Structures are given as structure tokens and as C-alpha cells.
Amino acid sequence: MRLHPSATTHYALYRRDSVAVQMPTGEAQVQTVGRTTYLSLTSTGQGPEYGLTITVDSIRLDDDAVFPQMMIDSALGARWLGRLLSNGRLAGLSTGNTSAVAQQLQSQFRLLFPVLPAAGARDADAWIDTSSTTIRAYTFDATEDAVTHYRASRQDASGRSALRIESSRDGRIAGSGSQFGQAMTLAGTVAGSITYLVGLDGLLLGVEGTETVDMTITVESVGQAVPAAQLARFTLRPLP
């Protein structure tokens with residue numbers, strides 16, 4: 001089985017993030033935000049490489065979210081152009097939307113597709129992928145170096161044959177940024193667990209996963225280190 005996206009598919013991506021920052025005073029600041037992003041994925045070509053367009057149709061915040069509406073609105077209509085390889089890798093994904101929400105979404109898109117062996121995946125296969133990826137971590141531009149273990153098993157889903165692909169990822173992140181005019185660096189570890197359902201025809205039928213980032217943010221000018229932890233849970237489901 002190799003990925004074979006349809007011409008246009010609509011998905012709902014739900015993600016809930018909780019970030020806890022330990023302030024120098026000893027106080028813990030926790031911010032939680034959940035949102036559902038409605039996406040349209042359009043592909044062209046016959047493979048092994050597809051032209052891919054991802055568009056944000058709408059975004060709905062959870063009722064308990066404390067998040068500026070203008071930040072959400074800034075990502076509406078965002079469109080990415082790139083390529084999806086039949087082994088699941090995204091390549092050349094770019095957008096003209098530079099909002100923080102759009103940048104976060106772009107980092108998350110890579111988690112929505114399993115990386116498959118060059119010859120495709122079969123029932124009972126197991127394989128390992130190594131990657132070095134530019135991501136948006138918290139409010140930082142960062143690089144993630146990770147190793148992901150995959151295992152596939154046959155499963156029926158909604159009356160159709162599919163592969164259930166389970167993955168576990170461990171890695172390290174490092175990056176830099178600034179807040180309030182202060183240069184800062186970030187370093188930490190990342191761990192994730194994702195389950196994919198992919199039809200034997202190559203269509204993505206669903207994704208469910210978690211991701212944990214333990215990091216230390218350092219204010220370079222004073223050498224002050226602030227520990228932080230981010231926990232995310234997310235699902236992707238196709239819409240009728």
C-alpha cells in the first residue's frame with residue numbers, strides 16, 4: 001500500500017494543546033487551547049509524487065478557549081502549495097500566510113501522514129524512519145531530529161479494508177526566538193504516539209495521536225532558564 005490521495009478531500013483536524021510554564025517566581029502558568037480546523041486537501045498527478053494544496057476553510061475554538069479571535073481569523077483562507085510523495089513525505093510546503101496560527105498548522109501537517117517504506121507497507125510490516133525537520137515549537141522556530149518506529153496491521157474500517165499503522169516518535173528539538181525584545185533559545189525532547197488508518201487504495205481514513213514536548217527556554221542576556229511542557233492531543237477525520 002502506498003498513499004494515493006483523492007482529487008479533493010475535506011477533513012476536520014481537532015487539536016488540544018496544554019502548555020505549562022514554570023516561572024522564576026515558582027508560579028506555574030498554564031494555557032490550554034482546543035480548536036477544530038476544517039481543511040480541504042486537493043491533489044493532482046498520478047504519483048509517486050502528487051501536487052498538494054491545503055486550504056483552511058474555517059476554524060472553531062473550544063468553548064473554554066481563551067485565545068484572541070483576531071489570531072484565529074488571521075489563518076482563515078490560508079493556502080499551502082507543495083508535494084505529497086506516495087511514501088507520505090511532504091515536500092516544499094509553503095504559504096503566503098505568515099500568521100502564528102498558520103505557522104503552527106504547517107508544523108502539524110507533517111504528523112498527518114505516515115512515512116512508508118519505499119516499496120509500500122503491508123500487513124505485519126515494521127520499519128524505522130529518521131528525520132530532521134524545521135518546526136514551530138511553542139513560539140520558537142526550531143529543528144526536530146527524531147526517530148520514528150512504525151508497525152502495520154490489517155483492519156477493517158467502515159466496511160472497507162485498511163491498514164492500521166501505529167507509530168512512536170522520540171527526538172530532540174532546538175531553536176531560537178525573541179519575546180519582549182529579549183533573545184531566547186529553546187532546547188528539549190519530544191515524544192509522540194500516532195495511529196493512522198489508511199485504506200488499501202491509499203486514502204487516509206483517520207489519524208489519532210498525542211505529542212509531548214519537555215523544554216527549557218533560556219533568556220540569553222541573563223542566562224535565566226525557564227522549564228516548560230507542552231502536551232497535545234489531536235485527531236483527523238474525513239468529512240462526508
Side-chain angles (χ1 to χ4, degrees), residues 1-5 9-19 33-39 41 52 54 80 82 84-91 93 104-118 120-138 142-158 160-173 188-200 202-215 229-239:
M1 186 275 297
R2 294 181 175 88
L3 288 183
H4 192 293
T9 310
H10 302 284
Y11 289 96
L13 170 62
Y14 177 75
R15 182 173 171 118
R16 188 171 179 88
D17 288 274
S18 178
V19 181
V33 59
R35 60 178 179 249
T36 302
T37 305
Y38 295 92
L39 302 168
L41 275 65
L52 184 68
I54 304 175
W80 289 264
L84 175 64
L85 309 186
S86 58
N87 67 356
R89 290 197 187 277
L90 287 171
L93 202 63
Q104 291 170 356
L105 282 169
Q106 181 166 329
S107 292
Q108 295 162 15
F109 290 154
R110 66 195 174 91
L111 303 177
L112 304 182
F113 303 96
V115 176
L116 306 177
R122 297 176 177 82
D123 181 24
D125 278 356
W127 64 97
I128 297 174
D129 177 70
T130 59
S131 60
S132 181
T133 311
T134 300
I135 63 170
R136 187 73 174 174
Y138 191 30
T143 298
E144 176 190 294
D145 296 306
V147 176
T148 306
H149 295 257
Y150 291 92
R151 182 175 296 277
S153 58
R154 187 75 171 263
Q155 177 176 316
D156 289 334
S158 301
R160 62 191 299 177
S161 295
L163 277 186
R164 177 186 176 92
I165 300 175
E166 297 174 288
S167 72
S168 60
R169 176 174 112 262
D170 291 285
R172 303 193 67 83
I173 60 171
T189 60
V190 59
S193 177
I194 307 175
T195 299
Y196 304 89
L197 275 181
V198 185
L200 296 187
L203 294 180
L204 188 63
L205 304 179
V207 181
E208 182 174 349
T210 61
E211 182 180 55
T212 302
V213 181
D214 290 310
M215 51 193 159
Q230 179 174 357
L231 171 64
R233 293 183 173 86
F234 57 92
T235 60
L236 182 79
R237 58 181 179 87
L239 299 174

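Since we're looking at a predicted model, the values are computed, not measured.
- For the atom pair CD (Glu208) and CZ (Phe234), the distance works out to 9.5 Å, reported to the nearest 0.5 Å.
- In this structure, Leu231 CG and Asp214 CG are separated by 10.0 Å, a value rounded to the nearest 0.5 Å.
- Applying the salt bridge (Lys or Arg N to Asp or Glu O under 4.0 Å) definition to pairs two or more places apart or across chains, those involving residues 123-134 are Arg89-Asp129.
- Looking only at side-chain heavy atoms (C-beta outward), Leu52 and Pro5 stay at 4.5 Å or farther from each other.
- Formation of a donor-acceptor pair under 3.5 Å by the Gln106 side chain with backbone atoms of Leu93 is found in this model.
- Side chain of Ser167 to backbone of Ile194: a donor-acceptor contact under 3.5 angstrom is found.
- We find the OG1-CG distance between Thr9 and Leu39 to be 11.0 Å, quoted to the nearest 0.5 Å.
- Take Gln104 and apply the side chain to side chain contact (heavy atoms under 4.5 Å, CB included) test, not counting sequence neighbours, and it matches Arg35, Gln108, Arg136.
- Each of Leu41, Thr37, Leu239 was checked for a side chain to side chain contact (heavy atoms under 4.5 Å, CB included) with Tyr11, and the lone residue meeting it is Leu41.
- When side chains are defined from C-beta on, Pro238 does not count as touching Leu204, because their heavy atoms never get closer than 4.5 Å.
- Using a 4.5 Å heavy-atom cutoff, the side chains of Val213 and Glu144 are not in contact.
- We find the CZ-OG1 distance between Arg16 and Thr235 to be 12.5 Å, quoted to the nearest 0.5 Å.
- Annotation: side chain of Leu111 is not in contact with side chain of Val207 (no heavy-atom distance under 4.5 Å).
- The shortest non-hydrogen separation linking Arg160 to Leu205 is NH1-CD2, 3.6 Å.
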Please list, one pair per line, the donor and acceptor atoms closer than 3.5 Å that link side chains of residues 148-155 to other protein atoms, with sequence neighbours excluded.
from, atom 1, to, atom 2, distance (Å)
Tyr150, OH, Val115, N, 3.3

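- Between Asp17 and the choices Arg233, Glu211, Gln230, the side chain to side chain contact (heavy atoms under 4.5 Å, CB included) rule is met once, by Gln230.
- Residues Asn87 and Pro117 fail the side-chain proximity criterion, which asks for heavy atoms closer than 4.5 Å.
- Among all heavy-atom pairs drawn from Leu200 and Met1, the shortest one is O-CG, 3.8 Å.
- Within the model, atoms CD1 of Ile54 and CH2 of Trp80 stand 7.5 Å from one another, a figure rounded to the nearest 0.5 Å.
- Here CG of Leu116 is found 8.5 Å from CG of Leu163. Values are rounded to the nearest 0.5 Å.
- Residues Val198 and Phe113 fail the side-chain proximity criterion, which asks for heavy atoms closer than 4.5 Å.
- With contacts defined as side-chain heavy-atom distances shorter than 4.5 Å, the pair Val147/Asp170 does not qualify.
- Taking every heavy atom of both residues into account, Leu3 and Gly88 meet most closely at CD1-CA, 3.4 Å.
- Counting all heavy atoms, side chain and backbone alike, Ala232 lies closest to Arg15 at CB-NH2, 3.3 Å.
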